[in-house]
Every structure is written in C-alpha cells, then in structure tokens.
Amino acid sequence: MCGIVAYLGEKEAQPLLLEGLRRLEYRGYDSSGMAVLNGTGLHLLKKVGRIQALSALAEQTPLHGNLGISHTRWATHGEPSDRNAHPHVDATGKLALVHNGVIENYNSLKKRLISEGHTFTSDTDTEVLAHLVGDHFVKLPAGTTSRLERAVIAALREVQGTYGIAVVHQDEPGILVGARRGSPLVLGIGTGEHFLASDVSAIVAYTQKVVYLNDYDVVTIDRNAFRVSSLTKRSAGFEISDIDFQQADAEKGDFPHYMLKEIFEQPQAIQNAIRGRLSHEEATAVLGGLNLSPQELRDVDRILITGCGTALHAGMVGEHLIESIAQIPVEVDFASEFRYRNCPLDRRTLVFVVSQSGETADTLGALREARRKGFRVLGICNNVGSTIARESDGGVYMHAGPEIGVAATKSFTSQVTIFALLALLFGRMRHLSASQGRQIIEDIEKLPAQIEKILGQTERIKTIAAKYCQAHSMLFFGRLLQYGIALEGALKLKEITYINASGYPAAELKHGIIALIDKNTPSIFICPQDSVHEKNMSTLQEIKARKGPVIALATEGDTTVESIADDVIWLPKASDYTLPVLSSIPLQLLSYYTATALNRDVDKPRNLAKSVTVE
Ligand code: AGP
C-alpha cells in the first residue's frame, strides 16, 4: 500500500528510483513521483497513472543528481491526481517528503499550520507532514547533528498515525532521513551507497544487505554511513540481515503475468513449505520456529486464527484441519474485527496470525492486541523480516518466494499446507496414532506431483473460462474443508475479473441462495470424492433442475458428476486433508483465464494494492 524508494550514492538516482518503483508498483499504482537533489536545488516530477506515465515524463525532462526519493501511491486522502501525488514539499519548497501510511491528526496539524501562514496545494495528509517537518527545520538552530534529522524527530513526536517516510532537504544535500511507525521501511546497504525502500524487492538488484527498521526508528544516512535512532528509546539497536531471495525470483520470466508464474510455482512452493518439516520416524511435523516446548504444545486447549482476505480463508481451512486431525477447538476471526471486538479468550488459547506480506495493518493490529493481553502469538508469514514475523513469539515461514501478483495464489496453498503440518503436529501430541500420522505425511508429500498434474489441465480450464467469461455473477460451492476454498475461489474471481461472486457451504443453497440460480448464473461446485460427496450430489441436482450451468471440480473417474455437470475439471484422488490445496489450483486458473479473456489487468486489478498497510 504505497511504495517508497530512495537512493543516496554515486550513481544517477533517477533510473534506480524508476526501476525500484516498477518493482513496488504492486503496492499501489494510481500515481507516482520523485524528487532529486543536485547542485541547483530540488527537482520534482509527479504524474497520475501508472509508473509508465512517470517514466515517460522522466524521459522528456530527466532529473540529474545522486540523491532522490520516490513514491508510488494508493490513494487514502485525496483522489489520484498529479497534485496529490508524492513527493510533497514544505512551505519553503526546499524539503521533499514521501509517505506511506495515514496521519490521523492531520486536520488539527493543518489548521495550526494554516493559522501560522502555511498554504496547502493538495488534499493529502502527507503534505501536512512535509510542512510540519519543514516548519521545525526553519525554527531549529544549526548544530553538530543533522538539522533535517532533528526536524523529522520533532515533527514525528507531534504525529498520530502510521508512517514510513523518506525526506530530503536542499540545505543538507548529502543527507537522507527515513522513519517508520506501522508502515514498513528497509535500509539497503551498498558500497558507497544506501537505499530506503518499502520492501526489499525494490533494491535486491543492488544489495543483499539490509536493516529492517523497527517502529519509531529514525535513520539518518549519508553516502558512507548511517545512524539509527529511536523516537521512544535512548538508543536504537539494529541488525544487518541478508535478503533471502535473488532478483531473478522476483522476475516474470517468460510468463505474461506474475499471477500465472506464481500459480505454476506452486509445486515448488509446497515443496519449500514442507522441506525438512516432516519426520517419518516420529510420524509428525517438525516446526522448531514455533518456540513451544512439548509441554506447551500439549497444554494448548484452544486456537484462534486471524488474518485478512486470502490469509483468513487459509485459516478457515486450517480450522477444519486442526479440529478434525488434532481435535482442538479452533476459532477463526477477521483480524480487523478481532482487534476491536474484545472477545473473551481462554488462558490456554494459542493465537495464529496469517499474512503473506507480514505487513497487513489489520493483522498486525490483531497480533498486538493479542500479545498485549498476554497471549502467545505465532505468525505464518512469507516475507522474512516483516513486521508480523518479527513481532510474533514464533511461527512458521512459508518460504514460497516473492509473491508479486496482487491476487494471492502460492501463498494461499502454502498457508493451507502449513496448517496441515500444524494439525499433524498437534494431533501427534494427542490421540493421533503413528500410522495415522504417517498416512498424513504420505498424503502431504504427494502434493507437488498432484499439483503438476492439475496444471496439465490448463488448456481445458482456459476453454471453460472463455465459455463463461461473460457471466455477470458466479456462485462457488463447497462443504467442510472446501467451504474456505469456495470463498477463496470467489474472492479471486472478484479481485481480478470484477465479476460478482460469492462462496457458500453447498447445503446452504436451499436456504435462500437457490433464488439466484438461472441459466445465466454459473455455479462452480467443488465436489471431490470426500466424506460429503453424496450430499453434494443432491445439491448439484438441485442446481441443474433449475437450469443453472455447473462447472464441477471432481475426482478423476467420477462418472456421476460427469453426467450431471456441464463442465468438469479433474482433481487427482487424494485425502480430504490435502484436497483443499489441490482444488485451489483450478479456481486460480479459472479466475486468471476469465480475467485475461476480459482483458483485465491481472497483476494490478483496479483499486487494489498487494499489501494493505493502512486500516
Ligand atoms: C488476496 O488475493 C488479496 N490480495 C488479499 O485478500 C490479501 O490476502 C489480504 O490483504 C491479506 O494480505 P496478507 O496475506 O499480506 O496479510
């Protein structure tokens, strides 16, 4: 949600900033801009629209200089426009600032600044912050430390809300200041150069060494050195980490879209999720990162899973897995609700927060609320070093590799697989026998090859997508473990095709949804040969009796489904526990090919951003 890239070094800043913004475009893409400092002062370019529009402008009027800040925006305050695009400048026009987050008290700060003679040209909260820092800058005396750093610290002490910022000032041409609270910011350390970025994918081409800044950190950078101070503590510590992937992992390669590439990466992603985590000997899962002793694992008598969007759907599948395999009661809650709901939790409740990015504001809020109440919180994250990963008491990394497509795909199936591992582990601490445990391990280990097999049906799925792509709405049905998959299938379709879609537990059809069935409303029915197969057949018949077209996801060789449904996508024979991973894949492909048939911008759907770092 908004992306920041800043550079200070010996090279020309503009090309590095534009390249970094291109890599962060998934975080927001309604407008972008940059400010570059050189011997003649501060120079700005801003443009509404995609990064491409800014690039075109930069080609006509290039900015030269070795220090620059840049931003790609996902609008919060003020419509997408040139005037609301970042960077914003202060009253003197000498300071420029880019910002990711929301300044909650911007109205009162703005009123005060207006009463002191400031005038504003945009509708944004960020411009207020730029003026506030600039105001402190002009009032502060020169000193032995950077005046810009001191101005940033003084301004941020007045601010309520969230921010990741990068700031430059014409009067301190060799200094770049960054700060964060609630929005991610990473410092990249090169040789004779430094970077700031919202996420490492923007800078991985130039350095593998980074510092993941903490909330309330302020970093002051010159070409050869940096200093991290804290708004709340006397001194701030930092750790230099290595980025855990190469630039090539974040490239599209020969695929037309990141989403398709990431769908096809799932055999590998699942392999990464299970590598070294299954013990045949003990017939259990080995998840050392949980930081729980056997006694603590044994003592858990309730689990709460929270997250947003796709991550929440993975949690819903996780609920079924843990309850059926380990017999521990599980509750799943929207992170955005949990953080304000003040729900009673049992003392021995273990909380899982699920997040691909590890930066989702609502999920982070839920994590902090649960920890504040004294609960043990474990994270299931993909981004190493992300805020959620760092603030959790322990957890499980997905190791799915960078996910750039706004629509989550491989992170979802990795999350579901990790829940299967957790269910196995908790189950083996309780009643699950070694032979049952071994059976689950065997089933999990089959997943990569089974996914490959499903991917082999891509052409068939593409044809089905073309047949139904003009529908105005679609219904997704599944029961038990497949209900979460139905919800996820519907979300995927909505996100990238803009077709109205909803997911239901199949038996709910007769309780109202059946009124929506007609010949123009396709139903996507997940009905593999599982424990509720027969029940599903009756529901399938009820849809067909009302002339509703049905695309079924069925177990290969299921002639009953074949004889009822209009189109069938085949799933390999698998256990109830691993089927949810398998049934996700055709739904992702169905959404993808429906979107491409409709000429949608698959990797950057309208109004969305990959990482939602505001409430
Ligand atoms: C999924 O396709 C969506 N982009 C969205 O629902 C996403 O899953 C949600 O915002 C949570 O993101 P996270 O996993 O990074 O926390």
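Indexing begins at 1, ligand by ligand and atom by atom, following the structure's order. From a predicted model like this one, the values you see are computed outputs, not experimental measurements.
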| Nearest neighbour of atom 12 (O) of ligand 1 from the list T409, N383, N382, T360, on a heavy-atom basis | T360

| said: Checking T613 against E359: is there a side-chain donor and acceptor pair closer than 3.5 Å? | reply: no

| Among protein heavy atoms, which lies nearest atom 10 (O) of ligand 1, and at what distance? | V612 CG2, 4.1 Å

| So, S583 and Q482: side-chain donor and acceptor under 3.5 Å apart, yes or no? | yes

| query | Taking both backbone and side-chain atoms of V354, is any N or O found less than 3.5 Å from an N or O belonging to ligand 1? | reply | no

| task | Would you indicate whether K462, at its atom NZ, is surrounded by more than 12 heavy atoms from other residues, nucleotides or ligands within a distance under 6.0 Å? | result | no

| When only distance counts, is K492 in polar contact with ligand 1, meaning an N/O pair under 3.5 Å? | yes

| remark: The answer for which part of E359 has a heavy atom under 4.0 Å from ligand 1 is neither

| Starting from atom 1 (C) of ligand 1, which protein heavy atom do you reach first, and at what distance in Å? | T310 OG1, 2.9 Å

| request: Test D601 against every option in H257, R50, R606 by the side chain to side chain donor-acceptor pair (under 3.5 Å) rule and name the one that passes. | output: R50

| request: Do me a favour and list the nearest non-hydrogen protein atom to atom 9 (C) of ligand 1 with residue, atom name and distance? | output: C308 O, 3.6 Å

| Nearest neighbour in protein (non-hydrogen) for atom 3 (C) of ligand 1 | E495 OE2, 3.0 Å

| said: Considering both backbone and side-chain atoms of V406, is one of its nitrogen or oxygen atoms within less than 3.5 Å of a nitrogen or oxygen in ligand 1? | reply: yes

| field | Polar proximity ligand 1 side, Q415 side, N/O cut 3.5 Å exclusive | value | no

| field | Minimum-distance protein heavy atom relative to atom 15 (O) of ligand 1 | value | S357 OG, 2.7 Å

| request: Specify the protein heavy atom at minimum distance from atom 14 (O) of ligand 1: its residue, its atom name, and the distance to 0.1 Å. | output: Q356 N, 2.7 Å

